[in-house]
Amino acid sequence: MDSAKPSRESNKKITVAVAGNPNVGKSVIFNALTGSRQHVGNWPGKTVERAEGVFHHQGWEIRLVDLPGTYSLAAQSPEEVIARDYIVSGAPDVVINIVDATSLERNLNLTLQILELTDRMVVALNLMDEVRRGGWEIDVKALEEALGVPVVPTVATEGEGLPELVEALVEVAEGCRQTHPASVDYGLTVEGYVESLEADLNRLGIEERSRWLALKLLEDDPEIVEAFKQGDLAALGLAAPSASPEALQALLKRAVRLREEIRPDAKVEIVRHRYEFADSVMRRVVHRLRPEEESSTEWIDRIVTHKVWSWPIMLAMLTIVFWITVKGGEIGGGWLEAGFSWLVRAARTWLVSVQAPWWVIGALVDGFMMGTGTVIAAMLPPMIILFIAFALLEDLGLLPRVAFNLDRPMQTVGSQGKQVITWGMSFGCNVTGVMASRIIENKKVRLASILTSPLIICSGSYGAGVALAIVLFGEGALLVMLSLVFLSLGIAFLATLLLNKTVFRGEPGSFVLEMPPYRKPQFGQVIRRALVDRVALTMWRAVEFAAPATLLIWILGNIPRGVPFEQTAIGWLVRGLAPLGRLWGLSGEMLTALLFTLPAKEIVMPALAMTYGLQTTLVESEQVLNYLPQVWTPLISYTFLVFFMLYLPCLVTVWAIWKETRSLKWTLMGLVVPLVMTCLITFVVYQGGRLLGF
Ligand SMILES: Nc1nc2c(ncn2[C@@H]2O[C@H](COP(=O)(O)OP(=O)(O)OP(=O)(O)O)[C@@H](O)[C@H]2O)c(=O)[nH]1
Ligand SMILES: [Mg+2]
């Protein structure tokens, strides 16, 4: 075993990768050690990119890299590629392998694969609280002996075992703790071939990871085979000294011949032996302390995933969440509005008393202050509630259950249950929904889910919508909002069907999703995460857009001073746009307001207040909002809400779609799909409503 590289040791810096199966607590440990705030929740597949953070310990500067969760290092999915390439590149000095102690066998399968890549590893045996609660005992010493690397039992959520973990990883990095990594015995035939290929590799000057490369060649690993075909191992992050492309290609040919001699199948043989090894280790170290009893997760799941009961339960949950947001929006919004009105009046009085010019008072008070104030008052309360509620449900472990329940209906539209997880995340924020699509292996289903995520009403537009619905419908706001949420789900469903009938014809693929046990949400963390990471960020973005936008509308509508409204820029816009919306019952003022909400939907209230307010004799734009229900019929109000909530994703979502697809075509589709679907539905709602006599 070689010791830590001297150059690293002298400046005492190490890089540590955090690897493991999905949903085992990698990000909890990463966050606890580095003080970062990576996405944590109770469903597999949250971390999709590498994340980095730094902390210090005993004079060491430790750079931690949070990797996406993977079940294997076979490089079959983007997550596996990210995790494997990073470990292969040799960048990490030490790998912390976080292991779910409650399913040791499956987790060890990955552990053994990492051990084939590096001998500098520490195992964190996490979720030990659940092991104890389940009546099991794990012999840590025996596990340590079997694997040949340090094993530290942890309860990440309680911080238990983390100091010992850091201690162990520094010892391994310093080289003062020797490791003797376990090596799987793949059976006579395979081992013989591995040995012979290794010798070939060594002859070509490839010493580093030669056993691993030999195994991968026998397994027919696409990435490795391609590198040999191209005659370039540098792409794998391996230092391949002088080996010529021809020599590498000849070696590949030989490996193919050997592979074909292994019966029944080389890959199956290798995987089988690894599983058998993991199984034998598990049997040796895990002991049952008391007889098995039914866990609470099992009996709760019998109800929550019941064929019949699951439906009213899911419906009730959704209704309760939205009921609380509407009530909270009403009460909290009222308080905030009162506060802002007072501020606006005070500012106006003060500016008048110092004889500020009319345009300063107008732009600052009627434009900027009124605009941003309305945005904050309208959106903050429902958004806080919605984000906290969804983060709690996510931490509890409900998302995978909803995905399970909805798998069958999703199959009827050519998709699968996992798409529902991305929709669930989209309720919080469409961007998270688009990113969550990575948990879907099937490429077509993944694209369909990226394109339909923006059709789900996010908490930002929901917040703005609640405020508007309360103004327009008063007591009826809850029903209106609920109907909009279900309408948005229905449209997303319909869009999925249409996409799968036209662009994405093909098999939805099998549905593999682990059901984690229900876990008590970490309330403090959830609330902090919701408020700091989500609400503050989204509000800041809203205000960032609202301030200049409201200022701009005010200027466009008031300059030159004294001319009739029709002759201002806004007046022109209103008249110019009016014919476009006729089929949908949308007026020129509405379309103008919508135009200004393109960068961020949150500013719809001030935008409406201004495009309407400027034409009336009302001085204070806050009164304009109360004037709207008098000029809009309920049908028009509802039509506007439908259109506004769904018509286009926000700019950040568009950017996320681009990042996920890297294709102009699909990014454009991400705009076209919501727009076309919304135009269709709004048309049906408006014309249908008229036919019914509303
Ligand atoms: N009871 C208990 N829960 C834990 C422990 N560690 C993590 N959790 C919970 O397990 C869930 C998953 O934790 P994450 O840190 O998000 O898992 P991850 O490995 O980063 O998951 P992915 O990024 O999806 O691969 C969360 O609900 C955590 O609160 C633990 O030691 N005990
Ligand atoms: Mg994670």
Side-chain angles (χ1 to χ4, degrees), residues 17-34 36-53 64-72 77-80 82-83 86 95-104 106-107 110-111 123-134 136 138 152-162 164-165 295-297 390-401 403 418 421-422 424-425 432 435-440 512-529 533:
V18 183
N21 279 190
N23 209 36
V24 297
K26 294 181 297 300
S27 297
V28 172
I29 291 189
F30 176 84
N31 289 350
L33 292 178
T34 61
S36 317
R37 289 197 296 267
Q38 280 300 304
H39 188 172
V40 168
N42 193 10
W43 53 279
K46 296 159 303 275
T47 306
V48 290
E49 294 277 10
R50 253 164 47 191
E52 303 195 358
L64 220 54
V65 181
D66 191 16
L67 294 176
T70 60
Y71 293 107
S72 117
S77 65
E79 294 74 47
E80 286 179 2
I82 293 176
Y86 189 65
V95 176
I96 306 184
N97 173 214
I98 318 266
V99 161
D100 175 354
T102 63
S103 37
L104 203 51
R106 197 196 58 216
N107 279 255
L110 177 72
T111 309
V123 171
L125 198 57
N126 195 34
L127 293 145
M128 280 304 282
D129 53 335
E130 289 187 359
V131 169
R132 285 178 222 133
R133 223 174 301 133
W136 300 91
I138 298 184
V152 183
T154 57
V155 181
T157 38
E158 309 287 327
E160 195 185 305
L162 297 191
E164 291 82 358
L165 182 66
S295 70
S296 47
T297 290
F390 274 98
L392 281 177
L393 296 181
E394 188 196 343
D395 242 33
L396 194 67
L398 221 61
L399 272 180
R401 271 79 190 182
K418 272 192 188 175
I421 290 201
T422 70
M425 295 311 291
T432 343
M435 303 266 290
S437 306
R438 292 216 199 156
I439 57 166
I440 300 168
V512 190
L513 182 68
E514 220 188 321
M515 288 291 148
Y518 290 103
R519 297 194 164 118
K520 195 175 81 213
Q522 291 183 282
F523 288 97
Q525 292 285 338
V526 163
I527 288 174
R528 201 193 62 169
R529 222 161 59 214
D533 300 350

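In each ligand, atom 1 is the first atom listed, and ligand 1 is the first ligand listed.
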* Given Asp100 and Asn126, is the side chain to side chain contact (heavy atoms under 4.5 Å, CB included) satisfied, shown in steps? -> CA-CA 5 Å; Asp100 175 354; Asn126 195 34; over 6 Å; no

* Among Ile82, Ile439, Val48, which one satisfies side chain to side chain contact (heavy atoms under 4.5 Å, CB included) with Pro68? -> Ile82

* Atoms of ligand 1 less than 4.0 Å from Pro22 heavy atoms? -> 25 (O)

* Glu514/Arg106 ion pair, N-O < 4.0 Å -> yes

* Under 4.0 Å, heavy atoms only, figure out whether ligand 1 is touched by the backbone of Glu160, its side chain, both or neither. => neither

* Pro44 to ligand 1, any heavy atom closer than 4.0 Å -> yes

* Starting from atom 17 (O) of ligand 1, find the nearest protein heavy-atom neighbour and note its residue, name and distance. => Gly25 N, 3.0 Å

* At what distance is the nearest protein heavy atom to atom 11 (C) of ligand 1, and which residue and atom is it? -> Gly41 O, 3.4 Å

* Just heavy atoms, cut-off under 4.0 Å: does Lys26 contact ligand 1 by side chain, backbone, both, or neither? -> both

* Check each heavy atom of Trp43 against ligand 1 and say whether those closer than 4.0 Å belong to the side chain, the backbone, both or neither. => backbone

* Side-chain touch Thr154/Glu164, heavy atoms, less than 4.5 angstrom -> no

* Below 4.0 angstrom from a heavy atom of Gly45, which ligand 1 atoms are there? Numbered from 1 as shown, please. => 24 (O)

* Glu158 contact mode with ligand 1 (heavy-atom cut-off under 4.0 Å) -> neither

* Structure fact -> of all protein heavy atoms, closest to atom 16 (O) of ligand 1 is Lys46 CE, 2.9 Å

* Can you tell me if an N/O/S atom from Asn23 lies under 2.8 Å from the Mg ion (ligand 2)? -> no

* **Modelled atom types, side-chain donor and acceptor of Ser295 and Thr297, under 3.5 Å** => no

* Checking side chain to side chain contact (heavy atoms under 4.5 Å, CB included) against Val99, which of Asn21, Leu104, Val24 comes through? -> Leu104

* Structure fact -> Ranked by distance from atom 10 (O) of ligand 1, the top protein heavy atom is Arg519 NH1, 3.2 Å

* **Side chains of Ser27 and His39 in contact at under 4.5 Å (non-hydrogen atoms)** => no

* Answer yes or no: is there a side-chain heavy-atom contact under 4.5 Å between Ile138 and Leu125? => yes

* **Residue and atom name of the nearest protein heavy atom (relative to atom 15 (O) of ligand 1), distance in Å to one decimal** => Val28 N, 2.9 Å

* Asked: Counting backbone and side-chain atoms alike, does Ser27 have an N/O/S atom under 2.8 Å from the Mg ion (ligand 2)?
  -> yes

* Contact (N/O only, under 3.5 Å) between Pro68 and ligand 1 -> no

* To do: For atom 3 (N) of ligand 1, grab the closest protein heavy atom and report residue, atom and distance to one decimal in Å.
  => Leu127 CD2, 3.5 Å

* Asked: Quick check: does Thr154 get an N/O under 3.5 Å from an N/O on ligand 1?
  -> no

* Asked: Do Asn107 and Tyr71 have side chains that get closer than 4.5 Å, going by heavy atoms?
  -> no

* **No-hydrogen, no-angle side-chain donor-acceptor test under 3.5 Å, Lys46 and Asn23** => yes

* Asked: Hey, which atoms in ligand 1 end up nearer than 4.0 Å to a heavy atom of Gln522?
  -> 29 (O)

* **Stacked cation flag Arg401 on Tyr518, 6.0 angstrom / 45 deg** => yes

* Distance from Phe390 atom CZ to Asp395 atom CG, nearest 0.5 Å? -> 14.0 Å

* Nearest non-hydrogen protein atom, atom 32 (N) of ligand 1 -> Asp129 OD1, 3.0 Å

* Look at atom 6 (N) of ligand 1 and find which of Ile29, Asn126, Asp395, Val40 reaches it with the closest heavy atom. => Asn126

* Asked: Against heavy atoms of Ser27, which atoms of ligand 1 measure under 4.0 Å?
  -> 15 (O), 18 (P), 20 (O)

* Structure fact -> Distance col, row Lys26:NZ vs Leu67:CG, nearest 0.5 angstrom, shows 8.5 Å

* Asked: Going by the order shown, which atoms of ligand 1 are within less than 4.0 Å of some heavy atom of Gly69?
  -> 25 (O)

* Report the C-alpha distance between Asp129 and Arg519 in whole Å, list the side-chain angles of each, state the deciding distance to 0.1 Å, and finish with yes or no for salt bridge (charged side-chain N to carboxylate O under 4.0 Å, His left out). => CA-CA 11 Å; Asp129 53 335; Arg519 297 194 164 118; over 6 Å; no

* Just distances here: any N/O of Val24 and N/O of ligand 1 closer than 3.5 Å? -> yes

* What's the shortest distance from atom 21 (O) of ligand 1 to any protein heavy atom, and which residue and atom give it? -> Asn23 N, 3.0 Å

